[in-house]
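I have placed the structure first, in the form of structure tokens, so that the comments after it can refer back to it.
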2 protein chains.
Amino acid sequence: MSDLLERLRGRGWRMTAQRRVVAEVLAGDHVHLTADEVHARAVAKLPEISRATVYNTLGELVSLGEVLEVSTDKRAKRYDPNAHRPHHHLVCAQCGAIRDVHPTGNPMSDLPDSERFGFTVSDVEVTYRGICPNCAKA
Amino acid sequence: MSDLLERLRGRGWRMTAQRRVVAEVLAGDHVHLTADEVHARAVAKLPEISRATVYNTLGELVSLGEVLEVSTDKRAKRYDPNAHRPHHHLVCAQCGAIRDVHPTGNPMSDLPDSERFGFTVSDVEVTYRGICPNCAKA
DNA sequence: GCTTGACTTGGACAATGTCCAGCATGGGGC
DNA sequence: GCCCCATGCTGGACATTGTCCAAGTCAAGC
């Protein structure tokens, strides 16, 4: 995790308490938090941190490619710190739980040129939906 | 399209002017509208229709399986009337344009049991991202 | 330890969506 | 064809998520 902080510093980031806290929150074992959840956890560590700062910082992390924005079908965007290993998502349609998954094959190669309509395709996002074991039990 | 109205009537829908208008809007050649766009077009045909009704109707159509909710990364959900033919989406990262595409292969079979974590997986959604010809030109 | 410009703050605002109490009306039963 | 009433609609208040900005603060190079 501190390697993330190092990378950011190397990129000319000014290292503030707020940014450190946001990075720490994302690096925790809680994956796929919403911006609001990130804010809530950040406040726990640094009470005066503002919502705007959390949004800004998340946005910066995303554009630096350190964090991915994931939009499953919930209302809020979620942030995925696991940006350096390509992976897809498995979402519980009931409780909204998200797991990272690593399918075999490359969906990119499943899109023939005739289906690209002149687009320059650079990325694929795959979301599997289903019911998680917990919800299935209930 | 009138077949949609028939199907809905068959399911016990009360056929009101508002619902007809929403169905007509979705059936037009404008695919992937946001709820707000649907509302705007509906108002053009039936000035007094309220936002709440449009949201309600869209929600009902979705739970009846007549229309799909698509969340690309934009803020607003979009509604896809093409619910009866499985397909995926190609989104322009710049202007947000969306096209339906039909990849070869079935991503569902790319998810081994070991990667399902006990979920009952029922659905896959694939979103390709890139730059559309128009934006590439600009 | 100064200085400076990048960062943060808090609050206002915007966009999207939900809810509700009360009114309107489609369509079955006559 | 007409009535009735459950179902649907309305408009507006509210909730949630996200963006913007002016003014104050602080990290880091000197």
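Predicted model only: the values in this text are computed from it and were never measured. Proteins come first, then strands; the chains are lettered A, B, ... in the order of their sequence lines, and each starts at number 1.
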Comparing Y79(B) and T53(A) on DNA chain C - which has the more 5′ nearest nucleotide: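 Of the two residues, T53(A) wins.
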Rounding to an integer number of Å, can you tell me how far [X] [atom1] sits from [N] [atom2]?
X	N	atom1	atom2	result
E60(B)	dC9(D)	CD	P	7 Å
H39(A)	dT17(D)	NE2	P	13 Å
N56(A)	dT19(D)	CG	P	9 Å
W13(B)	dT25(C)	CH2	P	18 Å
I49(A)	dC7(C)	CD1	C1'	11 Å
M15(A)	dC7(C)	CE	P	10 Å
E37(A)	dT17(D)	CD	P	9 Å
D36(B)	dT17(D)	CG	C1'	15 Å

Answer yes or no: is there an ion pair linking E66(B) with R11(B), defined by an N-O contact shorter than 4.0 Å?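 Counted as a salt bridge, because a side-chain N and a carboxylate O are separated by less than 4.0 Å.
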Exactly one of V62(B), V25(B), V70(B), L68(B) should register a side-chain contact (heavy atoms from CB on, under 4.5 Å) with Y79(B). Which one does?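 The side-chain contact (heavy atoms from CB on, under 4.5 Å) with Y79(B) is passed solely by V62(B) among V62(B), V25(B), V70(B), L68(B).
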Among V22(B), T16(B), V21(B), which residue meets the side-chain contact (heavy atoms from CB on, under 4.5 Å) test with Q18(B)?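 The passing option is T16(B).
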When all nucleic acid strands are considered with a 4.0 Å heavy-atom cut-off, which category describes R20(B): base, sugar-phosphate, or nothing?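 Contact class for R20(B): none.
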Tell me whether the OP1 or OP2 atom of [N] has a side-chain N or O from [X] closer than 4.0 Å.
X	N	value
Y55(B)	dT18(C)	no
Q18(A)	dT9(C)	yes
S50(B)	dC9(D)	no
T16(A)	dT8(C)	yes
R19(B)	dG8(D)	yes

Within the modelled atom types, does a donor on one side and an acceptor on the other bring the side chain of R51(A) and the base of dG18(D) under 3.5 Å apart?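 Pair found.
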Taking atom types as they are modelled, would you say the side chain of R14(B) forms a donor-acceptor pair with the base of dT25(C) within the 3.5 Å cutoff?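 It does, because a donor-acceptor pair links the side chain of R14(B) to the base of dT25(C) below 3.5 Å.
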Side chain of R9(B) only, heavy atoms from C-beta on: which candidate in dG17(C), dG27(C), dT10(D) is closest?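 Looking only at side-chain atoms, R9(B) lies closest to dG27(C).
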Side-chain donor-acceptor pair under 3.5 Å between D100(B) and H88(B), yes or no?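 D100(B) vs H88(B): no donor-acceptor pair found between side chains.
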Could you check whether any side-chain N or O of H39(B) sits under 3.5 Å from a backbone N or O of E37(B), counting only pairs where one atom can act as donor and the other as acceptor?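 Side chain of H39(B) to backbone of E37(B): no pair is present.
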